[in-house]
Structures are given as C-alpha cells and as structure tokens.
Amino acid sequence: MRSRIPVVLLACGSFNPTTNMHMRLFELARDHLHQTGRYQVIEGIMSPVNDKYGKKGLVSARHRVAMAKLALETSDWIRVDPWESEQDTWTETVKVLRHHYNEVLRGFQSKELVRNKHPTESSMEDSLSCQQPVLPELKLLCGADFLQTFKTPNLWKGEDIKEIVEKFGLVCISRAGSDPSQFIQESDILSEFQHNIFLVREWIQNEISATQIRSALCRGLSVKYLIPDSVIAYIAQHNVYTAESERRNEGHLLQPLRLLNTTINPLRD
Ligand SMILES: Nc1ncnc2c1ncn2[C@@H]1O[C@H](COP(=O)(O)OP(=O)(O)OP(=O)(O)O)[C@@H](O)[C@H]1O
Ligand SMILES: NC(=O)c1ccc[n+]([C@@H]2O[C@H](COP(=O)(O)O)[C@@H](O)[C@H]2O)c1
Ligand SMILES: [Zn+2]
C-alpha cells in the first residue's frame with residue numbers, strides 16, 4: 001500500500017477578525033484531501049497579513065494574531081503563525097509559502113534523523129519493504145474570491161502564480177458569487193496546473209465575511225455565533241473595531257499594487 005502524502009495547509013489573509021468561516025475553510029479542505037485517499041493533512045497554519053499590506057480597516061497584527069490564537073484554542077490541528085506579520089514589510093504570498101515550506105522540511109528532516117538513530121518497529125518495517133518516507137507538501141488554502149484576485153491587474157506577478165500552483169498547490173473553497181472552475185479554464189497557467197488545484201464545494205453555504213462582522217460591530221449589532229465568544233470578548237476588552245479603525249488606510253493603494261506600479265513606472269507615487 002502506498003503511504004499518503006503528508007500535507008500542511010496554509011491560509012493567508014487579513015483575518016480581521018478571524019470568523020467561524022475561516023476555521024471552516026480548514027475543516028472542509030482537510031475532509032476533501034482525505035477523501036482523495038492520497039493525502040494526510042498534518043497541520044493547518046493561519047498567517048495574518050502584515051500591517052503594511054495597507055487594506056482599509058486593517059487593525060494591528062498584534063490584535064489580529066491574538067484574536068486568531070483565541071479562535072483556534074479549540075482546534076487540535078490548526079495554529080496561527082505570526083512570522084508574516086512580524087516582517088518589516090508586506091511579503092508576497094509565494095515568499096510566505098517558501099518560508100513555511102522550509103520550516104516544514106526542517107521538521108521533517110529532524111524527525112527522520114531521530115527515526116534513523118532510534119528505529120522503531122514500524123520504521124524497520126518501512127525499510128524492509130523499501131518504503132521511503134514520503135516528503136510532506138505545503139498547499140495554499142483560500143476561498144474562491146481570493147483565487148479571483150489572480151486576474152486583478154498588477155496585483156499578482158505571473159511568475160508567483162505559476163510557482164504557487166506548480167510547486168505548492170492550491171485548495172480553493174467555493175464562495176457564493178464566484179465560479180472557480182470557469183475561472184481556471186479561462187487562465188492558461190491555472191488550467192496547465194489544474195491537477196494541483198483542489199476545488200472544494202462547501203456543503204453548507206456560509207457567507208460570513210469579516211467586513212460585515214466589523215460593520216455590524218461598529219453599529220452595535222450582535223455577532224454571536226458568527227465568531228467565537230473569546231474573540232467577541234477580546235474585541236470588547238480592547239475596543240478593537242471603531243469608526244476610526246475602519247478609516248485606517250482609507251484611500252491607500254494596497255502594497256502589492258504600489259510595488260508593481262513602481263516596477264512598471266519608477267517615477268510614479
Ligand atoms: N465565507 C467564505 N467562504 C469561502 N472562503 C472564505 C469565506 N470567508 C473568507 N474566506 C477566505 O478566507 C481567506 C481569508 O480571507 P479574509 O481575511 O479576507 O476574510 P474575509 O471574511 O473575506 O474578509 P473581508 O470581508 O474583509 O474580505 C481568503 O482566502 C478568503 O477567500
Ligand atoms: N502578489 C501577492 O503575493 C499578493 C497580492 C495580493 C494579495 N496577496 C495576499 O492575499 C491575501 C489577501 O487577503 P485579503 O483577502 O484579506 O485582502 C493576503 O494574505 C495578501 O498578502 C498576495
Ligand atoms: Zn476577503
């Protein structure tokens with residue numbers, strides 16, 4: 001019997017704040033990959049974007065990481081990783097993937113070292129049957145609206161999209177209003193690597209959006225059962241979302257758009 005490929009799922013986004021749907025993304029993706037019979041999901045990582053991303057209403061990463069930690073307290077396989085948010089600048093998603101893949105490989109190699117030094121019964125069985133340990137993979141997890149942003153002019157570099165789908169792979173969860181399969185067919189790069197793109201249909205529609213959560217909070221409406229109680233308590237205690245926080249970065253260009261604009265025309269901005 002062939003061993004399953006260990007997979008780590010990485011979701012990049014604002015997580016402003018973490019919603020129940022963000023956590024559902026991971027559960028849906030894991031079920032889907034397990035149902036293929038080829039993969040074993042070993043970990044999920046949520047990576048809140050750097051403050052310098054420049055998105056309207058983006059509150060400090062200190063709060064976003066703290067809220068994600070609280071939200072994920074009930075998960076035994078998903079964790080938040082602050083690396084991306086702790087960098088001095090905004091980091092392209094492909095570089096975040098590279099960083100985490102190096103970490104995954106490091107963990108794998110040190111486990112192999114221990115296995116070779118202290119062989120267990122099962123590792124000896126593996127070597128007798130000539131089964132090589134299977135190298136883990138890292139896949140980018142996103143919603144269909146994230147995938148659609150690939151076609152926004154100047155937002156993504158073609159070479160980054162290619163590396164994401166060629167080297168890593170993508171797990172994309174359906175979202176009302178987006179048709180990811182048609183979108184993939186319309187793109188040369190995405191259709192070339194569609195064997196590495198897993199489309200997951202959510203079996204119960206759940207249209208929670210962080211933007212709507214923030215605007216409900218600002219209007220004093222209840223968001224209970226849409227985001228975890230621990231996150232609601234944190235938001236109240238630190239007064240995270242206010243009319244003022246919603247105006248943050250208003251009228252700013254997203255950092256990826258600024259970077260590409262300067263590459264194209266260094267005299268602009
Ligand atoms: N309801 C949903 N269905 C499918 N994917 C979702 C859903 N909500 C969020 N996602 C995905 O979660 C990831 C993180 O998204 P993000 O932080 O932008 O949250 P959001 O709820 O979309 O927030 P906002 O409303 O501010 O854009 C993205 O890949 C996004 O596509
Ligand atoms: N060129 C790029 O690598 C690129 C461009 C736009 C967004 N992104 C990422 O996609 C995510 C988008 O998050 P939001 O959906 O919250 O805007 C962020 O993690 C951001 O860093 C990456
Ligand atoms: Zn979004």
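Atoms within a ligand are numbered from 1 in the order they appear, just like the ligands themselves. Since this is a predicted model, take the numbers as computed values, not measurements. Numbering of residues begins at 1 and proceeds along the displayed sequence.
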* **Nearest candidate to atom 11 (C) of ligand 1, where distance is taken over non-hydrogen atoms, out of N16, L28, L25, V49** =>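 Shortest heavy-atom distance from atom 11 (C) of ligand 1: L25.
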[atom] [closest protein heavy-atom partner, distance rounded to 0.1 Å]:
| atom | answer |
| --- | --- |
| atom 7 (C) of ligand 1 | R175 CZ, 3.2 Å |
| atom 30 (C) of ligand 1 | D145 OD1, 3.6 Å |
| atom 26 (O) of ligand 1 | T211 OG1, 2.7 Å |
| atom 1 (N) of ligand 1 | N206 O, 2.9 Å |

Judging by distance only, is a nitrogen or oxygen of [X] under 3.5 angstrom from one on ligand 1?
| X | answer |
| --- | --- |
| S209 | yes |
| F15 | yes |
| H22 | yes |
| G143 | yes |
| A210 | yes |

* May I ask you to decide if the ring planes of Y53 and W90 are parallel, tilted or perpendicular, using 30° and 60° as cut-offs? =>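 Y53 and W90: parallel rings.
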Would you call [X]-[Y] a salt bridge at under 4.0 Å N-O?
| X | Y | value |
| --- | --- | --- |
| R106 | E103 | yes |
| R248 | E246 | no |
| K95 | E92 | yes |
| R79 | D81 | yes |
| D51 | R62 | no |
| R98 | E163 | yes |

Can you list the atoms of ligand 1 that are under 4.0 Å from a heavy atom of [X]?
| X | answer |
| --- | --- |
| C142 | 29 (O) |
| M21 | 1 (N), 2 (C), 3 (N), 4 (C), 7 (C), 8 (N) |
| S14 | 17 (O) |
| R214 | 26 (O) |

* For Y101 and F108, what are the C-alpha separation, side-chain angles and deciding distance, and is it a ring-ring contact (aromatic ring centres under 6.0 Å, His included)? -> CA-CA 10 Å; Y101 191 54; F108 172 78; 9.7 Å; no
* **Neighbour count above 12 (heavy atom, 6.0 Å) for E244 CD** =>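 Counting other residues, nucleotides and ligands, CD of E244 stays at 12 neighbours or fewer.
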Short N or O contacts of ligand 2 with protein, under 3.5 Å, listed by atom name?
from	atom 1	to	atom 2	distance (Å)
ligand 2	1 (N)	L155	O	3.0
ligand 2	3 (O)	T93	N	3.0
ligand 2	16 (O)	S14	N	3.2
ligand 2	16 (O)	S14	OG	2.5
ligand 2	16 (O)	K55	NZ	3.2
ligand 2	17 (O)	Y53	OH	3.0
ligand 2	17 (O)	K55	NZ	3.0
ligand 2	19 (O)	G13	N	3.2
ligand 2	21 (O)	W90	NE1	2.9

Which is it for [X] and ligand 1 at heavy atoms under 4.0 Å: side chain, backbone, both or neither?
| X | answer |
| --- | --- |
| K55 | side chain |
| I208 | backbone |
| T19 | neither |
| Q212 | neither |

Does either side chain, that of [X] or that of [Y], offer a donor lying less than 3.5 Å from an acceptor on the other one?
| X | Y | result |
| --- | --- | --- |
| W83 | S47 | no |
| Q185 | Q194 | yes |
| N154 | T152 | no |

* Asked: When the aromatic ring centroids of H22 and F15 are compared, is their separation below 6.0 Å?
  ->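 Aromatic pair counts; centres sit under 6.0 Å.
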* Is the Y39 to F198 ring centre distance short of 6.0 Å? ->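 Ring-ring flag for Y39/F198: true, centres closer than 6.0 Å.
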* To do: Supply the atom-to-atom distance I45 CD1 to W77 CH2, rounded to the nearest 0.5 angstrom.
  =>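 Output value for this atom pair is 10.5 Å.
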